[in-house]
Amino acid sequence: MSRINNLVFLMCCMFLPYSVCLAQQKPVGKNKVTLASLLEEMISFDSQVNYPVQSYTCKQVSSYDRRTISPDKPGWFANDDGAGYVRLDSINGRKEKVMFEAEGPGVVTRIWMTTLIKNGVLRFYFDGSKIPAFEIQGYDMNKTPFYAGKALSLTHTHYTPEGKGGNTFMLPLPYQKSCRITFEEPDYSKKIPRYYHINYRTYKPGTQVQTFTLAEAASLQSRIEDVNSRLLNPPTFTGGEKQSLSAQIDSGERVSIDLPKGTFAIKNLAIDIKGNKGDYGIMMRNVILKIKFDGKETVRVPLSDFSGAGFGSRKVDSWYISADGKGSVTSRWVMPYKSSAQIELENLSPFPVTASVILNCAPWSWGANTLYFHTSWKEEKNIPLNNQYDNDSENLDWNFVTLSGRGIYKGDLMTLFNYAPDWYGEGDEKIWVDDDKFPSFIGTGTEDYYNCSWAPVVPFYTPFGGAPRADNTSSYGYNSFLRTRNLDNILFTRQLKFDLEMLSWNKGKEDCSTTVFWYGDAGSSAKK
């Protein structure tokens, strides 16, 4: 936090003592959505398993090129993604770009942004007020006048305080009636690209939401600090019933372990693989993890990809998944079942491996909204990459995944070999939910989706994913991106379709594998 922001924060604490006390003492309804309840949800592994009783829709507003209107019209792959915004408003005598506007009740769950120079003023208005609840001097969520912390205000690689670079802000901003986020340019005659994503939930009418205030943020600082600490140091569940397996698995063979009978949930799963010879990356890619819940297989994925690392099975350090890059993988995804479950490891590598599996199960209360854990995996080779400036007719929306049924989209891994000479990730994600006529989520580039910016070519790690592998500064060769979703998850009731534009700086091809982590009903499935 900068010296100026510290001063603003202290002033809030000095001049708002009574409102802080009221915020602490005011009774909050059991089902009321508040900053405190959202922080609690953020660090609760168990809460991710159930389809929310307080149902909501999930969407994203971004600076995508507004020429993108429809797949059957020119401009569907238009790429001037730093120029889009809702409209230009006159507010209190100022011209302000409206970046985001939504009617409540709702909550902003993620703000990703980057630019070339951070001059200007960001303003945040809640519940129809013409006076901003807070403002930021600069295009930079690191400069909020309240504490968010390192885990909830992520700085991208290549970030500079005043110049190029960006960040991802994950502290939730709830509101009862409405939210509007604007940006005032210092000089509207100069075109400076302003890239952004704003993810948000809209709850059903009648849902009670406590609107964000500086006073509440000040009163919850110790809680925000605790959430930061937990996200950066994920707790490991060690209770419940412990199951273990240790065995050598010859080439082409498999081993399995049956879990306790009854209604339980896996709360921690640790797998360690060792090989006597051969390539480590090949070994991890060819040990296949399969999990059945109540007789149905919902997980079938290479262990390298289940770990969130992909090709080469490098290090991963995130909230849901950890891997040491040497064969040990820890999963903190909660995986419930009604009566039975089985975990199997199959060795498709050309040499024997030694496997150790340790898991902890705890009793689970199964309800109407309890969902099964799914991991869906696909691979395709020689996918064409087209130059971003070429004709729309030559461009490709590649299907990342299509899910059917009811579920919650919780994250994904994209791991690939890039044959093109340089950056392959210029394309935007387009996520269609249920009966969308236009994608609920449309982005501004692959690296932006994965919470970084400006074509990063170095590994990095955050609680919400990162880049486990980036072999070359040109981006030629092996690359992996991981994103796990927390409050920014996506609910769907019938279908979710995720397409990715295959655009690059120069034509080429890539071999790509995707792994999707999600929860769904027993009848939910991924398209093969």
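In this chain, numbering begins with 1 at the start of the sequence shown. It should be emphasised that the depicted structure is a prediction, and the values quoted were computed from it without experimental measurement.
- Evaluation of the salt bridge (Lys or Arg N to Asp or Glu O under 4.0 Å) test over residues 395-404, restricted to residues two or more places apart or in two chains, returns Asp397-Lys430.
- Salt-bridge formation is detected for the pair Arg123/Glu135: a Lys NZ or Arg NE/NH1/NH2 atom is positioned less than 4.0 Å from an Asp or Glu carboxylate oxygen.
- For Lys509, the NZ atom is loosely surrounded, since the number of other residues' heavy atoms within 6.0 Å does not exceed 12.
- For the residue pair Asn142/Ser153, the side-chain donor-acceptor check at 3.5 Å is satisfied.
- Classified by interplanar angle (parallel below 30°, tilted 30° to 60°, perpendicular above 60°), the ring pair Tyr320/Trp333 is parallel.
- We find that Lys507 and Glu394 are joined by a salt bridge, their nearest charged nitrogen and carboxylate oxygen being less than 4.0 Å apart.
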key: Derivation of the ring pair (Phe, Tyr, Trp, His ring centres under 6.0 Å) call for Phe45 and Trp319   = CA-CA 10 Å; Phe45 292 109; Trp319 174 246; 4.4 Å; yes
Worked check of ring pair (Phe, Tyr, Trp, His ring centres under 6.0 Å) between Phe417 and Tyr476 = CA-CA 8 Å; Phe417 187 91; Tyr476 172 82; 5.6 Å; yes
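- With no hydrogens or angles considered, no side-chain donor-acceptor pair links Ser453 and His158 at under 3.5 Å.
- Around the NZ atom of Lys97, the shell of radius 6.0 Å holds more than 12 heavy atoms that belong to other residues, nucleotides or ligands.
- Between Phe124 and Phe126, a ring centre-to-centre spacing not shorter than 6.0 Å is recorded.
- Taking each heavy atom of Lys204 and Pro105 in turn, the nearest pair found is O-CG, 3.7 Å.
- In this structure, the ring of Phe100 has its center less than 6.0 angstrom from the ring center of Tyr200.
- Of the N and O atoms on the side chains of Trp505 and Glu426, at least one donor lies less than 3.5 Å from an acceptor on the other residue.
- Looking only at atom types and distance, the side chain of Asn418 has no donor-acceptor partner in the side chain of Asn479 under 3.5 Å away.
- Looking at Lys143 and Glu162, a side-chain N of the basic residue comes within less than 4.0 Å of a carboxylate O on the acidic one, giving a salt bridge.
- Arg223 and Glu40 are joined by a salt bridge, as a carboxylate oxygen and a charged side-chain nitrogen come within less than 4.0 angstrom of each other.
- Residues Phe212 and Phe146 place their aromatic rings such that the two centres sit under 6.0 Å apart.
- Applying side chain to side chain contact (heavy atoms under 4.5 Å, CB included) to Tyr56 and the options Thr207, Thr202, Leu491 leaves one that passes, Leu491.
- Side-chain polar atoms of Ser474 and Asn472 form no donor-acceptor pair below 3.5 angstrom.
- Residues passing the side chain to side chain contact (heavy atoms under 4.5 Å, CB included) test with Ala151 are Asn228, Leu231, Leu232, Pro463, sequence neighbours excluded.
- Here the two rings, on Phe183 and Tyr139, have centers that are under 6.0 Å apart.
- Judged as a side-chain hydrogen bond (donor to acceptor under 3.5 Å, both in side chains), and not counting sequence neighbours, the contacts of Thr415 are Ser480.
- A donor-acceptor contact under 3.5 angstrom links the side chains of Tyr419 and Asp511, judged on distance only.
- Ring centroids of Tyr449 and Phe498 are separated by less than 6.0 Å, placing the two rings close together.
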